[in-house]
2 protein chains.
Amino acid sequence: MRKHVLLYGLLGGLLIAGLKLIEYRWLVVEHSVEIYGGLVAAVFAGLGIWLGLRLTRQAETVVVREVVVAGPVTFVRDQRKLESLGITPRELEILELIAEGLSNKEIAARVYVSENTVKTHSSRVFLKLGARRRTQAVQLGKELRLIP
Amino acid sequence: MRKHVLLYGLLGGLLIAGLKLIEYRWLVVEHSVEIYGGLVAAVFAGLGIWLGLRLTRQAETVVVREVVVAGPVTFVRDQRKLESLGITPRELEILELIAEGLSNKEIAARVYVSENTVKTHSSRVFLKLGARRRTQAVQLGKELRLIP
DNA sequence: TCCAAAATCACCCCTTTGGGTGACGCGCGG
DNA sequence: CCGCGCGTCACCCAAAGGGGTGATTTTGGA
């Protein structure tokens with residue numbers, strides 16, 4: 001900004017000097033005042049426009065438009081809810097496998113325990129979730145952010 | 001833009017007239033030319049700056065920045081997959097209710113049909129999805145973007 | 001008007017699931 | 001050392017789910 005003012009003043013001074021020269025050398029005629037005024041007006045108007053453009057060049061209005069992008073929603077387990085419900089890690093594991101659509105028998109084979117054990121875990125987790133069916137348990141588990 | 005030029009000209013004319021008045025009424029003194037030039041320079045410079053600002057006012061730079069927002073992902077049903085699997089609207093409806101954790105009996109009460117009908121629909125939808133259990137059907141339905 | 005798809009309902013049979021109870025071992029902290 | 005929580009397993013029973021077949025009605029379009 002200060003630089004602009006200095007430049008402005010310098011150019012003005014040079015112009016005045018130039019005009020003085022012109023006035024004393026070959027434009028000392030009648031109506032020279034009008035010509036002089038017109039010249040000054042034109043030059044300074046141009047200078048003003050240039051200066052105005054200069055001043056507002058960096059005055060860019062940055063508009064940040066937020067765009068919702070379907071990003072991979074990172075799943076964060078709600079540990080507090082998990083603890084408040086008293087769901088053990090094993091029970092949660094069984095619930096996850098239930099959510100994958102596996103039967104008790106398949107789950108038993110997956111985690112190397114008997115089907116009866118899987119039934120016990122699932123029964124407990126249903127009790128803690130207040131679910132009557134495994135589909136309901138899955139729905140509740142997802143709602144409560146216990147499983148992805 | 002044309003308006004600006006006209007305004008500019010008009011103001012310039014008025015200024016000239018004003019200056020003429022000043023010159024002939026009470027500023028007919030020595031060095032009046034310098035004063036005259038200074039005035040013209042100052043006024044036109046101001047005018048130029050104003051004009052420059054005016055012209056560049058609408059030169060806004062819009063920066064679009066994409067921001068990942070964990071927004072509620074709007075569910076869009078995959079109609080093509082639905083058709084390719086030959087799943088009827090009614091069957092889809094039943095699948096949705098299954099996904100909500102309802103039993104066949106509850107679904108029957110909800111849609112005002114017999115439990116046997118619900119069983120038929122669910123059986124068909126399981127067949128079309130290649131699911132053996134309702135939990136698996138739900139999981140597949142969500143994967144295939146048939147249900148939210 | 002007639003056909004085909006969709007929707008509806010019923011019955012049988014078997015599997016799976018859910019609920020309840022009881023029991024055993026293991027590890028940890030009082 | 002004893003209790004407690006957790007994980008494990010077993011058995012029983014009732015309810016729900018799933019597969020198959022067959023049938024009727026509704027409905028939308030050729």
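Labels below follow one simple rule: chain letters A, B, ... track the order of the sequence lines, proteins then strands, and each chain is numbered from 1. Values reported hereafter were calculated over all heavy atoms of this structure, with side chains retained and with hydrogens, waters and symmetry mates removed.
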**Q.** A:E83/A:R80 salt bridge by N-O under 4.0 Å criterion
**A.** no
Q) Starting at CZ of B:R134 and ending at C1' of C:dT16, how long is that distance when rounded to a whole Å? A) 12 Å
Q | Gap between atoms CG and P, on A:N116 and D:dC13 respectively (whole Å) | A | 15 Å
(Q) If the cut-off is 4.0 Å, is A:S114 near the phosphate of D:dA10, judged by side-chain N/O to OP1 or OP2? (A) yes
Q: Would you kindly give the CG-to-C1' distance between A:L82 and D:dC6, to the nearest whole Å?
A: 15 Å
Q. Do we see a donor-acceptor contact under 3.5 Å between the side chains of A:T120 and A:S123?
A. no
Q) Is the shortest side-chain N/O distance from B:T117 to OP1 or OP2 of C:dC9 below 4.0 Å? A) yes
Q | Integer-rounded Å distance: D:dG17 C1' and B:L127 CG | A | 16 Å
Q. Quick one: A:L102 CG to C:dT16 P, roughly how many Å, whole number?
A. 14 Å
Q: Report yes if at least one side-chain N or O of B:R124 is closer than 4.0 Å to OP1 or OP2 of C:dA7; otherwise report no.
A: no
Q. Which comes earlier along DNA chain C counting from the 5' end, the contact point of B:K128 or that of A:I98, where each point is its nearest nucleotide?
A. B:K128
Q.
Any side-chain N or O of B:N104 below 4.0 angstrom from OP1/OP2 of D:dG17?
A. yes
Q. Closest nucleotide of DNA chain C for B:V111 versus for A:S123: which of these residues is on the 5' side?
A. B:V111
(Q) Side-chain N or O of A:R90 versus OP1/OP2 of D:dT8: is the shortest distance under 4.0 Å? (A) yes
Q) Taking OP1 and OP2 of D:dA16, is either one under 4.0 Å from a side-chain nitrogen or oxygen of B:K105? A) yes
Q) Taking all non-hydrogen atoms of both residues, which atom of A:F126 and which atom of A:A137 are closest, and how far apart? A) CE2-CB, 3.4 Å
Q: Give the rounded distance in Å between these two atoms: CZ of B:F126 and P of C:dT16.
A: 14 Å
**Q.** side-chain N/O B:H121 vs C:dA7 OP1/OP2, d < 4.0 Å
**A.** no
Q.
Salt bridge check, B:R133 against A:E106: does any charged N sit closer than 4.0 Å to a carboxylate O?
A. yes
(Q) Just N and O in the side chain of B:T88: are any of them under 4.0 Å from OP1 or OP2 of C:dA5? (A) no
Q | Atom pair distance, as rounded to whole Å: NZ in A:K119 and C1' in D:dA14 | A | 11 Å
Q: Figure out the CD/P separation between A:E115 and C:dT15, and round it to whole Å.
A: 12 Å
Q. Starting at the 5' end of DNA chain D, which residue's closest nucleotide do you reach first, B:R132 or B:T120?
A. B:R132
Q: Quick one: closest heavy-atom pair of A:I87 and A:L92, and the distance?
A: CG2-N, 3.9 Å
Q) Taking only side-chain nitrogens and oxygens of A:S103, does any of them come within less than 4.0 Å of OP1 or OP2 of C:dT15? A) no
